[in-house]
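Sequence lines set the chain letters: A, B, ... in the order given, protein chains first and strands last, and positions in each chain run from 1.
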Amino acid sequence: MIDHATARTSFATSLDFDLEPAERAALDDHLDGCPACRADVAAMRADAAVLRDLDFGPVPAAVRANIAIAAEGHGRGGPLGRWLAIGAVGALLLAALGGGALGVGGRPGSTAGPDVTAAAAAPNQIAWKTDVVALTAREFSITAGGKTFRAATPKVQIHSDPGDATYRTLEATWEENGVEMRLNLYFGGDASSWWVDQVRIYNGAAEGGWLYAKGTFFKAALGDAWTGDLDVAVTDVDGIGGTPASIHLAGATLQSLPSTDANDPAGGGIKVPPIAPVIQPLGSGPFDPGGTLHCSGILQMTPGDAQATLDKMGIAVSWRYYTQNDSFIESRTGPPSGTVIIADGPFIGSNGQLLIAIVDPTSPLAKPVPFPADCPRSDPNVTPPPPAP
Amino acid sequence: MTEREGVATVTIGAAGRSSDVAPAVLSLYNAHHRELASFIRGIERDPAFAEDILSETFLRLIEEIRRGRMPDQPRAWLYRVAANLVVDGGRHRSVAGRVLGRLVDHRTEPPPDDTFLRGELRREVWVALGTLPRDARTALLLAAHGFTGREVAEALGRTELATRSLICRARLRLREQLGGPEALT
């Protein structure tokens, strides 16, 4: 008969490794006659179950954005930092939300909204929509591998990777001509426009491989749909065959829809002068010594007052709300009531808006931002002493 | 572990065509990032460093795929890489020095009441886990995430015998931290 300590050790081992038959039998014998060890074994099982269930909630979107940037080939990426990644996210989200340019091969988009006249004139051959992208076309075809694909089947699988706007996609997959066909559109954007920077299709072979077209397609201004006709020739970069191949769209409308994953403020705002765009070196921000807002007292205000002050100055601000004890950052167009500004940043977003960090007052991060000691006047938020009688 | 491998079905062209890297990586990220993040956070208490390790793990995956070496078992591969990064945490803490814009150093303030650690027992287990050595934490959490003892040993680069001892001691120590064995007579 083994003792209690040996039984506990044997059981702890048995959770991950097979015991020798004799050891197993000895353990079972001991447990049969030892309620205390049975209780301990049950507790160890419960510990293991709790370890399995530990969950720390969502990962900040910036991590994914960072990885998406690196995976797309823009350098290894490295720890770009939350703010840089969030800046990229914000830029592309804004790209998905705002205004007006000429699409390649298409008609200009309308600032009043999508031009659906052409599409309304005849039934659309395709009408694909996901949470973040919508594509309709009166005529649609793909030529590849000597075959023509028209997506003439109700079984088209439509999917978007909503990404963080650094990696928004529209992906369609269907069976036709006895093979699988795919069409993927990859979206990009900047502070004024959005577009598709890569189009991929399968090559029409039994074991489909990708053919590519890289460039600027479907370009439209922020907030606009792209409408028009488009013919894109794709190339066989990987030498898999299937060319000549191309995509034909007529009477098409492509929209990049606002994502609910994050909500950067849509449009507007005056860039903060005279600060370098996107990521300025530490110490050169608007609130740093020498910066235009250094002595403004804005960071000592409530977020609501700061918003009002910045609005009067014509400076766009996007709030970064640290929730769940800094384990998640939400982008907000306005500061939630009761929040306080903290000294993480502020930074300049990629479209020139100020990114100001805020937390709930109960957060361990909720520490007042000290008024700069080198400013010529006192903290505007400190009540001055009453005048002498 | 094999059943969970099926969570992400990722195909990639021969020799890791660069144009296929992003979809493959992001597909794997979507499938595994949350469980991997929790695994890392169970070991690395600092959320910012844990985040960096998660990023570093996927950046290494990108490099691996670009070299035409798509892991046969991506989930296991990700855990192995993350485990090695997190065990060797000191070296990789230098990563955080490159993080931009951290004017407030809140790395020393791990969340004691993380919203997602619902339930008193989970919180207690998480706290008790923090009293174990880093390699013991890693081994326990690898096991918790479905790795067999042998796979834990492979991931940690230890012998099976040493790993058996490591995990066994870790389980017993964790139980002691959580109230110890019942009174044994």
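Checked options B/Leu156, B/Leu140, B/Val152; the residue passing with B/Leu166 is B/Leu156 (criterion: side chain to side chain contact (heavy atoms under 4.5 Å, CB included)).
With hydrogens and angles disregarded, a donor-acceptor distance shorter than 3.5 Å links the side chain of A/Ser14 to the backbone of A/Phe11. Checking side-chain atoms of A/Asp360 against main-chain N and O of A/Ser363 turns up no donor-acceptor pair under 3.5 Å.
Heavy-atom distances place both the backbone and the side chain of A/Asp53 under 4.5 Å from chain B. Proximity to chain A is absent for every atom of B/Ser165, based on heavy atoms less than 4.5 angstrom apart. With a 4.5 Å cut-off on non-hydrogen atoms, B/Leu172 touches chain A through its backbone and its side chain both. With a threshold of 4.5 angstrom between heavy atoms, B/Leu61 does not approach chain A through any atom at all. For chain A, no part of B/Arg169 is nearby; none of its heavy atoms comes within less than 4.5 Å.
A salt bridge links B/Glu44 and B/Arg134; the closest N-O separation between the charged side-chain nitrogens and carboxylate oxygens is under 4.0 Å. Taking a cutoff of 4.0 Å between a charged side-chain nitrogen and a carboxylate oxygen, B/Arg80 and B/Glu64 do not qualify as a salt bridge.
If you tally non-hydrogen atom pairs under 4.5 Å between each of A/Val41, A/Asp47, A/Asn184, A/Leu15 and chain B, the highest count goes to A/Asp47. Looking only at heavy-atom pairs under 4.5 Å with chain A, the residue among B/Ala128, B/Ala170, B/Gly149 that has the most is B/Gly149.
Classified by interplanar angle (parallel below 30°, tilted 30° to 60°, perpendicular above 60°), the ring pair B/His145/B/Phe39 is perpendicular.
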